[in-house]
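Not measured: the values here are computed from a predicted model. All chains are named by letter (A, B, ...) in the order of the sequence lines, taking the proteins before the strands, and each is independently numbered beginning at 1. Computed over heavy atoms, backbone and side chain alike; hydrogens, waters and symmetry mates excluded.
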2 protein chains.
Amino acid sequence: MLDKIDLKIIEVLHQNSRASFVEIGKLIPLSASSVRERIQKLEELEIIKAYTLKVDYSKMGYGLEVFIMIKLFSGKLESFMAALDSFPEIKRAIRITGSHNIHMKVVLKDQLHLQRFIDMLIKYGEPTTQLILSELK
Amino acid sequence: MLDKIDLKIIEVLHQNSRASFVEIGKLIPLSASSVRERIQKLEELEIIKAYTLKVDYSKMGYGLEVFIMIKLFSGKLESFMAALDSFPEIKRAIRITGSHNIHMKVVLKDQLHLQRFIDMLIKYGEPTTQLILSELK
DNA sequence: ATTGAAAAGTGTGCGGG
DNA sequence: CCCGCACACTTTTCAAT
C-alpha cells in the first residue's frame with residue numbers, strides 16, 4: 001500500500017511540512033507533479049492527517065510543561081471531555097489503559113498557574129503530575 | 001514580546017502549517033509581506049521550532065500505539081540516549097520527574113512487536129506500558 | 001512595522017505516455 | 001503511476017512610508 005517513495009515523502013514533510021513539491025521531488029528524486037499526486041492521495045486516504053507546527057512554549061512565557069495523568073471519578077468522563085475545549089493549557093489529551101484514564105500534556109506559566117490548574121482538575125478525578133525536563137527525541 | 005497578531009499567526013499555522021502568507025493574512029487581516037516578516041522573526045527567535053506533520057499510524061500498518069515509561073537502571077541513561085536513534089518505533093522520548101525517568105510514545109505493528117520491544121527495553125530499566133485508546137485533543 | 005510592485009518560483013488542472 | 005505544460009497564485013526582494 002505504501003511504498004518507499006511515499007515513506008520518503010512523509011519523512012521529508014515530517015522534517016519540514018512547508019517544503020515545496022519541487023524541493024521534495026529533488027530529494028527522492030521524482031517530478032513535482034508526481035510528488036503532488038502522491039501527497040494528494042495520502043491526504044485523501046487520511047494517512048496525512050494534518051500539517052502542523054512545533055513551538056517553544058518557554059519562549060512564549062509558558063515556563064512549565066507537564067504531563068498530567070488523571071484517574072477520573074466514576075461518571076466524570078463525559079463532563080471532562082466536554083470541558084477540554086475550555087482549557088487552552090491542555091495541548092493534548094489521550095485516553096489510555098491502566099489505572100489512570102487520561103494522559104495530558106499541559107503548558108503553564110508558572111507554579112501558581114499549575115496549582116490553580118490542579119485545583120480545577122480534582123473536580124474530575126485524581127491527577128498525577130510529572131514535570132517535563134527535556135526532549136530527547 | 002508576542003502580540004495578538006503573532007499568536008493568531010501561530011494558531012493558523014498550528015491548524016495548517018502549509019497555509020500561504022496570503023491565506024494567513026486574510027484571516028488577520030494583514031498583508032502577505034507583513035505576515036512573512038513576522039513568521040521570519042518567529043523562526044529566527046526559534047519560537048517556531050519546526051513545521052511538521054500528523055500521520056495516521058494505524059493506516060500505515062502500525063496498529064498499536066503506546067506510551068511506555070521507563071525507570072532506568074542506575075548508570076543506563078547515557079547508553080539509553082545513545083540507542084534512541086536506532087529505534088524507529090520510538091516517536092518521542094522525554095525526560096520527566098517522578099519514579100520513572102523517561103516517557104516515550106512508541107508505534108508498533110502488533111502485540112508480538114510490542115513484546116519484542118519490551119524485551120529489548122528491560123536491558124535499560126523497568127518499563128510500564130499504557131495502550132493509547134483514542135485522542136481527545 | 002507595514003505595504004505594494006516586479007521577478008522568480010510554485011500550485012493547480014489537464015492532457016498524454 | 002509518471003511527466004510536462006499553461007496559467008494563476010505565491011514567495012521573495014526591495015524601495016517607500
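Shown for residues 37-47 of chain A: residues whose heavy atoms fall under 4.0 angstrom of DNA chain D, namely E37(A), R38(A), K41(A).
Protein chain B touches strand DNA chain C; the 5'-most and 3'-most nucleotides with an atom under 4.0 angstrom of its non-hydrogen atoms are dA1(C) to dG11(C).
Atom CD in Q40(A) sits 7.0 Å away from atom CD in E43(A) (nearest 0.5 Å). Here the straight-line distance linking atom CZ of R36(B) with atom OG of S31(B) works out to 11.0 Å at 0.5 Å rounding.
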Exercise. Taking it one step at a time, do L42(A) and L2(A) satisfy side chain to side chain contact (heavy atoms under 4.5 Å, CB included)?
Worked result: CA-CA 9 Å; L42(A) 292 170; L2(A) 286 195; 3.7 Å; yes
Exercise. Between R92(A) and E135(B), does a salt bridge (Lys or Arg N to Asp or Glu O under 4.0 Å) hold up when you go through it step by step?
Worked result: CA-CA 8 Å; R92(A) 208 168 44 230; E135(B) 313 223 350; over 6 Å; no
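As a whole-Å value, the separation of N16(B) CG from dT10(D) P is 13 Å. When the P atom of dC1(D) is taken as reference, atom CD1 of I28(A) falls 14 Å away, rounded to whole Å.
Between E23(A) and S34(B), it is S34(B) whose nearest contact on DNA chain C lies nearer the 5' terminus.
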Which protein N or O atoms sit under 3.5 Å from an N or O of nucleotides 4-6 of chain D?
residue	atom	partner	partner atom	Å
dG4(D)	N7	S33(A)	OG	2.8
dG4(D)	O6	S33(A)	OG	3.2

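Y62(A) is not connected to L112(A) by any chain of hydrophobic side-chain contacts under 4.5 Å among Ile, Leu, Val, Met, Phe, Trp and Tyr, and they are in different clusters.
Counting only heavy atoms from C-beta outward, the side chains of L13(A) and Y51(A) approach each other to under 4.5 Å.
One side chain, E89(A) or H113(A), offers a donor N or O that lies under 3.5 Å from an acceptor on the other.
Remark: R38(A) engages D6(A) in a salt bridge, criterion side-chain N to carboxylate O under 4.0 Å.
T52(A) places a side-chain N or O within 3.5 Å of a backbone atom of H14(B) that can act as its donor or acceptor partner.
When each of N16(A), L30(A), I39(A) is tested with I24(A) by the rule side chain to side chain contact (heavy atoms under 4.5 Å, CB included), just one qualifies, namely I39(A).
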